[in-house]
Amino acid sequence: MSEEKNISIHGQWSSRWSFILAATGSAVGLGNIWKFPYITGEYGGGAFVIVYLICVALIGIPIMMAEVMLGRRGRQSPINTMRALAKEEGRHGIWSWIGWMGVLAGFLILSYYAVIAGWALAYVFRVGSGVIQASDSAGVQAIFSELVSDPEKLLAWHTLFMVLTMVVVARGVKQGLEKAVRLLMPLLLILLLVLVGYAMNTGHFNDAIDFLFKPDFSKLTGGAILTAMGHAFFTLSLGMGAIMIYGSYLPANASIAQTSIIISVADTLVALLAGLAIFPVVFSFPDLTPGAGPGLIFQTLPLAFANMPAGTIFGTLFFILIVVAAWTSSISLIEPAVAWLIENRGMTRVSAAVWAGLATWLVGIATVLSFSHWAFDFNFLGAVKHNGVFDILDILTANIMLPLGGLFIAVFAGWMMKRKHSKEELALNHSYRLWWFLIRYVAPVLVLVIILNLFGLI
Ligand code: TRP
C-alpha cells in the first residue's frame, strides 16, 4: 500500500513525539505496575530482575527497532505489512504469519488484560469510598478475595473496561489518545514517586532494595528465566505487531533508534519504581508475602494509602491512573486485528471494533472464572500457579507466543531483509553495526536458547 493510502485509511501521528507518547502509552501498563511486581515476587527478586533487564537491553530494544522499522516500511496492518515486505525482499509469503500469530496473541492477551484492568476499575471505587483505608492487612486481603471470587462482579467490571477500550478504538487510535497520554503519563510518574517517597519511610525500604537488586542466582530456575524474557516482550509490547502498527503511522523522518530507546527506558523506569513502591509495604506487614501472586498490588497498595496523609485522594487517583495506563495499552493489543478487518474485510472502523471487542470479551469470561469456579492449581517449571485458564493464557502468550513472534521478526529484519533496506530505514551511522549484530545473532540466539532449554532440548 502506498504511504498516501495508508495515511488516508488510518491517519498518521502528528509528530515523532506523538508516536513516542502513544508507544509509551502502549508499553506502560498493567505489565509494569501489576505484573512486574508479582512475578518478581514469585521468582524471588534480584536474579529475576537482572535477567529481565538484560533481556530488555539485548533483545527488547533491537527488536523494538526492527518492529518500528518494518511497520514504517510496510505501512499497513502487521499481516499485510509482512506480506508486502516479504514480497519486496523476494521472500515467501509465509512471513505474513508473523502478523497472524500477532493478531491471535494480542487478542488472547487482551482477553485477560481487560479482566485485570476491571479489578483496577473496581478499586477506584473501593479506595475512593474509604472502605479499604479502614482495614488492616487481613481486611484488605478479604476485600480482594471477595471481589475476585465473585464472577458476576468481575464480569461487570470486565465489560465496562472492554467498552471503554472499544470506544477509543472505534474512534480511531490517534484521536484522543495523544492528549490523554500527554497529560496522564507524567501524572502517573509523579504519583509513583509519591508512593516511593512513602515507601522510603516504612522502615523496610532497604529490604526492598536488597530484594530487587541483590541477586540470588540459586533462585534462577528455567521458569524464572523464561518468564523474565517473556516479560521483557510483554512490558515493551513487542512480538505481536502492536509497535509495528504504531510504527506504520510514524512520519518518515523520525529516528527509530532514539525513539525506541526513550520508550524502553521510560517503561523500565516505571516498572522499577512500581517495585520500589510495593515491596517496602510487603515487607512491613508480616502476613504479606512477595509471592502472593496476581493480587499483590491490590493487597499492598491500599495499605500504603491507608497509612499516608490524604491517602484516599492519592489512592483513588492512583487506581484511576492504573486504569488509564491499562487503557492506552489495551487499545494497542486489538489495533492490529481491527486494522486488518478494515483493510481486508472492508469493514468500517466502528463495526471492526465492535466485532473484535465482542470476541475478546467472550474469551475474557474464561479469565473471569479462573479466580473462582474454574480455578485450579498446576505446576509450571517449579512455580505453582493457582488460576487455571488465566495462568495458561498468560504463559502461552507472554512466555511463548511473544518471544516466538519476536524471534521471527528478528530473523526477518536481520536475515531476510537486504542490509541496504534496513540501513536506509534506520538511518544510523556507526551504531547500525551494533543493531545488526544484535538483531542477527544475539537476540534470536538468546530467545532460541531460552525456549529450547525450556523443552529440555538443550
Ligand atoms: N505492554 C503493556 C503492559 O505492560 C501490555 C501490552 C500492550 C502488550 N500491547 C501489547 C503486550 C502488545 C504484548 C504485546 O501492560
Side-chain angles (χ1 to χ4, degrees), residues 21-40 52 55-56 59-60 63-64 66-68 71 77-78 98-99 101-120 161 165 168-169 173 177 181 184-185 188 192 227-247 260 263-264 266-275 294 297 321-339 356 360 393-409:
L21 285 168
T24 309
S26 164
V28 175
L30 295 174
N32 307 63
I33 298 166
W34 159 74
K35 195 174 180 191
F36 172 73
Y38 99 74
I39 55 179
T40 299
Y52 152 74
C55 289
V56 166
I59 305 177
I63 291 185
M64 183 179 289
E67 265 202 44
V68 179
S77 68
I98 292 180
M101 196 170 71
V103 166
L104 183 65
F107 169 78
L108 292 177
I109 293 174
L110 183 56
S111 81
Y112 70 78
Y113 202 86
V115 176
I116 312 294
W119 299 0
F161 185 81
T165 300
V168 176
V169 175
V173 170
L177 177 64
V181 178
L184 295 167
M185 284 290 146
L188 179 70
L192 265 179
T227 305
M229 174 182 72
H231 188 63
F233 281 96
F234 186 91
T235 191
L236 296 173
S237 302
L238 295 178
M240 57 71 69
I243 292 293
M244 195 184 288
I245 198 154
Y246 277 17
S260 301
I263 296 161
S264 306
D267 184 77
T268 308
L269 208 66
V270 172
L272 295 178
L273 284 175
I297 67 162
L321 290 171
I322 295 181
V323 171
V324 173
W327 198 1
T328 55
S329 300
S330 59
I331 54 185
S332 75
L333 282 163
I334 201 71
E335 179 65 12
V338 168
T360 317
L393 278 176
D394 180 38
I395 290 169
L396 176 71
T397 51
N399 295 2
I400 300 187
M401 293 176 84
L402 298 180
L404 278 182
L407 172 68
F408 293 135
I409 287 168

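Index from 1, following the sequence. One-based numbering, in listed order, for ligands and for the atoms of each. Everything quoted here is computed from the prediction, not taken from an experiment.
The protein heavy-atom contact nearest to atom 14 (C) of ligand 1 is Met240 CG, 3.2 Å. At the top of the distance list for atom 4 (O) of ligand 1, counting protein heavy atoms only, stands Ala27 O, 3.0 Å. Looking only at heavy atoms of the protein, atom 15 (O) of ligand 1 is closest to Tyr113 OH, 2.5 Å. For atom 7 (C) of ligand 1, the closest non-hydrogen atom of the protein is Ser237 OG, 3.3 Å. Regarding atom 10 (C) of ligand 1, its nearest protein heavy-atom neighbour is Leu333 CD2, 3.3 Å. Taking atom 2 (C) of ligand 1 as the reference point, the nearest protein heavy-atom neighbour is Ser26 O, 3.2 Å. If you check which protein heavy atom lies closest to atom 1 (N) of ligand 1, you get Phe234 O, 2.8 Å.
Here the closest heavy-atom approach between residue Ser330 and residue Thr165 is recorded as OG-OG1, 3.1 Å. Between Phe233 and Ile59, the shortest heavy-atom contact is CZ-CG2, 3.6 Å. Contact record, Asn399 with Gly230: OD1-CA, 4.0 Å, taken as the closest heavy-atom pair. Closest approach of Phe234 to Gly31, counting heavy atoms only: CE2-CA, 3.7 Å.
Checking only distances, Gly31 does come within under 3.5 Å of ligand 1, N or O to N or O.
Considering only residues two or more places apart in sequence or on other chains, Asp394 meets the salt bridge (charged side-chain N to carboxylate O under 4.0 Å, His left out) condition with Lys35.
Ring-plane geometry between Tyr52 and Phe36 is classed as tilted, the angle between the planes lying from 30 to 60 degrees on a 0 to 90 degree scale.
Close contacts between ligand 1 and Leu402 involve ligand atoms 13 (C) [criterion: under 4.0 Å to a heavy atom]. In the vicinity of Leu30, heavy-atom distances shorter than 4.0 Å reach the ligand 1 atoms 15 (O). Shown in contact with Ser332 at under 4.0 Å from a heavy atom are these atoms of ligand 1, numbered in order with element: 7 (C), 9 (N).
Of the candidates Leu236, Leu238, Ile409, Ile63, Leu238 is the only one forming a side chain to side chain contact (heavy atoms under 4.5 Å, CB included) with Ile243.
Side chain of Ser329 to backbone of Ala325: a donor-acceptor contact under 3.5 angstrom is found.
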